[in-house]
Amino acid sequence: MRRLLTTLFVAAACSSSPPAPPPATGGPAGGDTVGATYDGRPIAPTMSYLGADWLDRPDRDAREQPDKVLDALGVGSGMVVADVGAGTGYFTVRMARRVGATGQVIATDLQPEMLRLLDARLQKEKLTNVRLVRAGDHDAALPADCCDLVLLVDVYHELADPAAILAGIRHALRPRGRLVLIEYRKDDPKVQIKPEHEMTLPQIQKELGERGFHFVDSLQFLPDQRVVEFTRDDS
């Protein structure tokens, strides 16, 4: 709790097929997105902290292969990375170990309850290179030119205001910084999940391309998701 109080910046965050997400919320997370759309697609409601256990479900390692993902992204010593929509810190703690004492992870979330759960996890893991930040529905709450990498894992499709959050992320990236989304594959019939929780690659490319990002690559080695990499488009 001590670290949370000193680093919390309030700012205007399987089986053969993936399991259904836990309860959603429009309260603690901020704005209610039920029925909302963006660019013709439904916006999924933000997952409630009441379903936090789902973020550390037993089969997640096998389905999401976090170490393989971070290897592919080259996350290493000295980097500054952001985990946007960090939840309970499933990726946060892994990145914190990789960037080490000379690096930093900025972990953001909309819900203060999630940040408290993450703070407890960091204290248990004795990790001191993570800054906790409360983001807003319309504000990524990231400092300018701070990040080598910004990662959103199963988060982008829940953003209430994608345009504003992407603008904040773009502002936060260093000149060669990267934005990476991990999203369920909508175009894969083997992926059985609610439609609002999945996206096609053309959808992702279109939405981010219109907001100042340049598509780099789509990695397809995960059973249910794709890892989509962008850089800031300064052309």
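Leu142 and Ala172 get closest at one heavy-atom pair: CB-CB, 3.6 Å. Between Ala96 and Leu127, the shortest heavy-atom distance links the atoms CB-CD1, 4.0 Å. Counting all heavy atoms, side chain and backbone alike, Asp61 lies closest to Pro66 at O-CD, 3.8 Å. Scanning all heavy atoms of the two residues, the minimum distance from Thr88 to Leu117 falls at CG2-CD1, 4.2 Å. Minimum heavy-atom separation, Gly87 to Asp109: N-OD2, 2.9 Å. Between Arg41 and Pro162, the shortest heavy-atom contact is NH2-CG, 3.9 Å.
Considering only heavy atoms from C-beta on, Ile204 stays 4.5 Å or farther from Ser218 through its side chain. Here the side chains of Met79 and Met95 are not in contact, with every heavy-atom distance at 4.5 Å or above. Under the 4.5 Å side-chain criterion, counting only non-hydrogen atoms from C-beta, Leu55 is in contact with Met114. Contact annotation: the side chain of Leu208 never approaches that of Val228 to less than 4.5 Å [non-hydrogen atoms, C-beta and beyond]. Using a 4.5 Å heavy-atom threshold, the side chains of Ile182 and Leu151 count as touching. Residues Leu219 and Val69 are not in side-chain contact: their nearest non-hydrogen atoms beyond the backbone lie 4.5 Å or more apart. Contact check for Lys206 versus Gln203: no side-chain heavy atoms found under the 4.5 Å cut-off. Using a 4.5 Å cut-off on side-chain heavy atoms (C-beta onward), Leu73 and Val81 make no contact.
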(message) Pair Ile43, Leu159 - check side-chain contact (heavy atoms from CB on, under 4.5 Å), show working.
(response) CA-CA 7 Å; Ile43 296 174; Leu159 295 180; 6.0 Å; no

(request) Please lay out, stage by stage, how Arg211 and Asp39 fare under the test salt bridge (charged side-chain N to carboxylate O under 4.0 Å, His left out). (result) CA-CA 12 Å; Arg211 297 295 170 181; Asp39 201 22; over 6 Å; no

(message) Between Asp154 and Gln225, does the side-chain contact (heavy atoms from CB on, under 4.5 Å) criterion hold? Intermediate values first, please.
(response) CA-CA 9 Å; Asp154 304 332; Gln225 300 154 297; 2.7 Å; yes

(message) Evaluate Asp217 against Arg178 for salt bridge (charged side-chain N to carboxylate O under 4.0 Å, His left out), listing each step before the verdict.
(response) CA-CA 11 Å; Asp217 200 4; Arg178 294 169 292 155; over 6 Å; no

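When the side chain to side chain contact (heavy atoms under 4.5 Å, CB included) test is applied to Asp71, the partners found at least two apart in sequence or on another chain are Arg98. For the side chain to side chain contact (heavy atoms under 4.5 Å, CB included) test, residues two or more places apart in sequence or in another chain that qualify with Ala164 are His138, Asp161. Contacts of Pro223 classified as side chain to side chain contact (heavy atoms under 4.5 Å, CB included), with partners at least two apart in sequence or in another chain: Arg63, Gln65. In this structure Arg174 satisfies the side chain to side chain contact (heavy atoms under 4.5 Å, CB included) test together with Val80, Asp148, sequence neighbours excluded.
In this structure, Glu196 CD and Glu158 CD are separated by 10.0 Å, a value rounded to the nearest 0.5 Å. The NZ atom of Lys126 sits 10.0 Å away from atom CD of Gln123, with the distance rounded to the nearest 0.5 Å. We find the CG-CZ distance between Leu70 and Arg97 to be 11.0 Å, quoted to the nearest 0.5 Å. Distance check, rounded to the nearest 0.5 Å: CG of Asp224 to CD1 of Ile193 gives 8.0 Å. Atoms CD1 and OG1, from Ile106 and Thr92 in turn, are 11.0 Å apart once rounded to the nearest 0.5 Å. Glu113 contributes atom CD, which lies 13.0 Å from atom CG of Leu118 (distance to the nearest 0.5 angstrom).
Looking at Arg226 and Asp187, a side-chain N of the basic residue comes within less than 4.0 Å of a carboxylate O on the acidic one, giving a salt bridge.
Within the structure, ring-ring contact (aromatic ring centres under 6.0 Å, His included) contacts touching residues 155-182 (residues at least two apart or in different chains) are His157-His197. Residue pairs meeting the ring-ring contact (aromatic ring centres under 6.0 Å, His included) criterion with at least one member in residues 206-232, sequence neighbours excluded, are Phe215-Phe230.
Among Val216, Ile169, Val84, Leu149, the single residue meeting the side chain to side chain contact (heavy atoms under 4.5 Å, CB included) criterion with Leu179 is Ile169.
Judged by the 6.0 Å distance and 45° axis criteria, Arg94 is positioned over the aromatic ring of Tyr90.
Under a 3.5 Å cut-off, the side chain of Gln111 and the backbone N or O of Met47 do form a donor-acceptor pair.
Summarising the local packing, CG of Asp234 is surrounded by more than 12 heavy atoms from other residues, nucleotides or ligands at distances under 6.0 Å.
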